[in-house]
Amino acid sequence: MKEVLQFQAESKELLSLMINSIYSNQEIFLRELISNASDAIDKYRYLSVSSEGKYPLRDGEIFLSFDKKKRTITIQDNGIGMSKEDLVNNLGTIAKSGSKDFVAKLKEAKEKQDLNIIGQFGVGFYSAFMVANEVEVLTKTVDSPAYLFSSSGEDSFTIEEAEKEDVGTTITLHLKKKSKETDYDKYLSEYELKDLVKKYSDYVRYPIKMEVTKYKTENEKEVEYKEIETLNSMTPIWKKNRKDVSEEELNEFYKRTYGDYEDPLLSLFIKVDGKVSYNALLFIPSHAPYDLYSDSFEKGLTLYSRGIFIKDKCPELLPDYLKFTKGLVDSDDFNLNVSRELLQQSPILKKISENIEKKILAKLEETKVNDMPKYEKFWQSFGEIIKYGIYSSYGFNKDKLASLLIFHSLKNDDKYISLDVYKDNMKKDQKFIYYVSGENLDAIKLLPQIEKYKKDDIDVLLFDKKVDEFAIMMMHDYKEVEFKLISDESAHEVSKEEQEKIDVITTDNKRLLDTIKDELKGQVDDVIISTKLVDAPVCLSTKGGMSLEMEKTLQEESLENSEEIKATKVLELNPNHELFNALSTKKDDDDLIKEYASLLYDEAMLLEGREISDKKAFIQKLNDLLIKAYK
């Protein structure tokens with residue numbers, strides 16, 4: 001006799017909320033129903049071990065089928081089944097979890113368990129109504145007759161006794177008709193169902209089977225036939241013992257999964273058991289994807305719960321400065337009390353994310369120490385992201401990332417060195433970690449300011465990337481040794497004797513310096529006698545830590561108010577150069593010195609590798625002076 005029962009008063013409203021809000025992707029209905037089938041088999045297998053013959057031991061399996069004419073999809077399992085009371089409690093009451101209650105009872109009895117129950121049968125079941133206008137559940141337990149549950153997911157449901165030989169559950173979905181908004185017909189195909197199983201349920205521990213169409217050649221004709229096929233692989237590669245997985249298998253898994261043509265540069269096989277347990281398989285690619293630096297790039301790791309696919313890219317699992325990492329995380333510890341789609345909001349994710357971050361950084365550090373060529377390859381692809389991680393966090397992450405930084409230097413222009421190597425090789429009386437920035441390495445090595453450091457055998461870090469200097473400014477120091485820009489006026493230390501000599505030359509040439517400064521008003525902020533030049537007659541230095549390279553970058557990125565972004569420039573004259581000696585003899589000829597002033601500034605700009613503002617005027621003044629000198 002068919003019994004008509006009413007849902008709870010609020011069930012209709014809750015069901016609408018489930019379908020339209022909790023689940024944003026309708027195709028997960030199959031994932032949820034397969035997961036529930038897996039739960040049911042878990043329960044049966046546990047009881048088959050703990051009871052005395054009441055539940056005969058058998059291999060668990062899930063079987064899918066579809067009927068295009070009837071517009072149905074069927075999911076069948078040989079799990080524990082449901083009694084009439086179970087149907088009312090678990091399906092008639094939304095968000096009532098049979099799996100949750102089952103585990104709770106086992107805990108109360110303090111029995112040892114080894115279950116991978118995915119949980120929340122009630123919530124998962126109702127995802128079926130996203131694609132179906134009617135759902136039938138035919139089920140049988142060891143202790144009760146078979147029952148048929150039927151509902152359209154609205155106000156009521158029916159339960160009646162039925163015929164079923166084997167213990168287990170068969171769920172039949174009567175699909176909605178195709179509409180302008182949604183193509184429900186697509187689920188009535190082998191290809192679509194196989195694809196959904198592969199995408200969401202590939203690592204369910206029990207075989208998911210379906211009768212599929214095959215083809216073979218007989219008598220030179222192609223013959224069609226049917227065959228039962230297992231659609232899922234069942235054992236995830238990341239849950240195997242590391243020693244049982246070869247590098248070739250890892251590489252092939254990476255290339256197949258992430259569509260890369262190259263092997264990964266690094267791989268991390270992680271298994272953590274503790275307060276939070278999880279497995280992870282992570283990869284550092286050999287090259288940067290084309291869109292890595294675009295706004296459209298999506299970071300994140302694939303998220304699984306007990307082998308069930310949850311989310312393709314979970315951004316919460318990676319900080320931005322590790323966004324190049326590919327891989328997946330699978331944990332048994334997620335709380336599944338609402339929906340698998342809401343797992344990313346779990347606080348457990350934060351703990352897993354922190355742990356993964358540490359392991360990736362440790363792997364990179366290990367590679368830097370033990371395999372510098374491989375690390376250099378990583379750095380050339382992703383080094384700027386690491387540096388940006390320091391800059392964008394205002395130096396907050398410098399303690400995590402600083403040891404990963406590597407640069408070319410004056411003494412190591414053909415290879416990279418770390419900050420530790422630089423620091424270990426500093427001269428005994430050296431107070432700073434010196435650096436200089438420019439367009440490229442060749443241009444940097446020609447800068448006049450670098451001559452003094454070559455002469456004094458002091459190494460200088462060479463920054464040829466825009467983000468380098470910004471990151472270093474945020475760091476301020478490395479292990480209590482301050483960074484210092486060599487073009488900064490305060491960078492070069494001078495002896496008391498040398499300073500006294502400079503002071504005398506400055507006093508003797510005050511009129512010369514003041515005249516040049518007045519003539520270059522708006523272009524430089526000061527004109528001084530240099531202590532850092534060796535061969536070059538002039539150079540431009542700065543005050544306050546902003547280099548000319550940084551000024552250029554900031555002006556390029558901020559077209560509005562770019563005039564307000566200016567380094568404090570200082571024109572330095574080499575007192576030991578013949579040009580200065582010649583100027584010094586004419587220091588009282590203000591008109592002549594003014595003519596030389598702009599030439600000196602333009603020469604300094606050219607030595608910096610910069611464009612001069614008026615090339616025609618520069619050439620004209622140069623020619624005029626040459627003519628005067630000849631006369």
Side-chain angles (χ1 to χ4, degrees), residues 288 292-293 295 297 299 318-325 353-354 357-358 360-362 364-365 368 375 378-410 416-423 426 430-441 444 449 459-491 541-558 561-562 564-569:
L292 182 63
Y293 296 98
D295 293 336
F297 182 80
K299 70 168 184 173
L318 286 175
D320 282 346
Y321 50 81
L322 295 177
K323 68 179 183 178
F324 48 79
T325 306
S353 174
E354 291 171 351
E357 177 188 16
K358 290 177 183 177
I360 295 174
L361 296 179
L364 292 174
E365 181 68 31
K368 179 172 69 71
Y375 188 77
F378 158 78
W379 192 254
Q380 287 161 2
S381 294
F382 307 113
E384 290 194 56
I385 295 178
I386 298 295
K387 288 178 281 194
Y388 189 75
I390 295 173
Y391 168 66
S392 62
S393 67
Y394 300 97
F396 180 79
N397 293 316
K398 70 175 185 177
D399 292 338
K400 297 178 183 178
L401 304 178
S403 65
L404 296 178
L405 299 177
I406 57 173
F407 300 100
H408 290 288
S409 74
L410 187 58
Y416 288 96
I417 63 168
S418 66
L419 295 179
D420 283 318
V421 170
Y422 180 98
K423 190 170 176 292
M426 285 173 56
Q430 186 177 332
K431 294 182 179 179
F432 304 114
I433 297 175
Y434 292 105
Y435 69 91
V436 62
S437 61
E439 289 281 344
N440 55 65
L441 294 180
I444 293 172
Q449 300 96 320
D459 205 3
V460 179
L461 298 176
L462 309 180
F463 293 172
D464 61 338
K465 300 292 188 296
K466 291 181 179 180
V467 71
D468 291 348
E469 195 171 353
F470 290 90
I472 290 300
M473 285 189 67
M474 289 300 176
M475 287 178 63
H476 181 265
D477 64 83
Y478 181 67
K479 295 183 178 179
E480 300 182 347
V481 180
E482 185 180 347
F483 292 100
K484 183 67 73 171
L485 176 67
I486 67 165
S487 61
D488 192 284
E489 186 188 25
S490 64
S541 61
T542 57
K543 291 181 180 180
M546 182 186 290
S547 69
L548 295 179
E549 188 68 20
M550 183 177 286
E551 176 192 72
K552 178 184 176 184
T553 299
L554 290 173
Q555 288 183 351
E556 287 174 348
E557 294 181 355
S558 179
N561 303 319
S562 61
E564 298 177 9
I565 303 173
K566 285 189 175 182
T568 303
K569 299 184 186 69

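Everything numeric in this text was worked out from a predicted model, so none of it was measured.
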Exercise. Which is it for Ile386 and Trp379 under the side-chain contact (heavy atoms from CB on, under 4.5 Å) test, yes or no, and what are the steps along the way?
Worked result: CA-CA 9 Å; Ile386 298 295; Trp379 192 254; 4.0 Å; yes
Exercise. Has Tyr478 got more than 12 heavy atoms of other residues, nucleotides or ligands less than 6.0 Å from its OH?
Worked result: yes
Exercise. Does a sphere of radius 6.0 Å around CZ in Phe396 hold more than 12 heavy atoms from other residues, nucleotides or ligands, not counting ones at 6.0 Å or beyond?
Worked result: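 No, because the 6.0 Å sphere around CZ of Phe396 holds 12 heavy atoms or fewer from other groups.
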[X] ring center near [Y] ring center (under 6.0 Å):
X: Phe378; Y: Phe324; answer: yes
X: Phe463; Y: Phe407; answer: yes
X: His476; Y: Phe483; answer: no

Problem set entry | Phe470/Leu554 under side-chain contact (heavy atoms from CB on, under 4.5 Å): CA gap, chis, key distance, verdict | CA-CA 10 Å; Phe470 290 90; Leu554 290 173; 3.7 Å; yes
Any non-hydrogen side-chain atom of [X] less than 4.5 Å from a side-chain atom of [Y]?
X: Met550; Y: Thr542; answer: no
X: Met473; Y: Leu485; answer: no
X: Tyr422; Y: Tyr434; answer: yes
X: Asp459; Y: Ile417; answer: yes
X: Leu461; Y: Asp468; answer: no
X: Asp477; Y: Lys398; answer: yes
X: Ser403; Y: Glu365; answer: yes
X: Leu401; Y: Leu361; answer: yes

Problem set entry | Contact summary for Lys299 and Pro319, nearest pair of heavy atoms |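 That would be NZ-C, 3.7 Å.
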Exercise. Have Ser541 and Gln449 got a donor and an acceptor in their side chains that come within less than 3.5 Å?
Worked result: no
Problem set entry | CA sep, side-chain torsions, deciding dist, call: Lys479, Leu419, side-chain contact (heavy atoms from CB on, under 4.5 Å) | CA-CA 9 Å; Lys479 295 183 178 179; Leu419 295 179; over 6 Å; no
For this session: Please confirm whether the backbone N or O of Leu292 pairs with a side-chain atom of Lys323, one donor and one acceptor, at under 3.5 Å?
Result: yes
Exercise. Can you check side-chain contact (heavy atoms from CB on, under 4.5 Å) on Leu410 and Val436, steps first, answer last?
Worked result: CA-CA 10 Å; Leu410 187 58; Val436 62; over 6 Å; no
Exercise. For the atom pair CD1 (Ile406) and NZ (Lys368), what is the distance rounded to the nearest 0.5 Å?
Worked result: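 The CD1 atom of Ile406 sits 8.0 Å away from the NZ atom of Lys368.
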For this session: Using a strict 4.0 Å threshold on nitrogen-to-oxygen distance, state whether Glu384 and Lys387 make a salt bridge.
Result: no
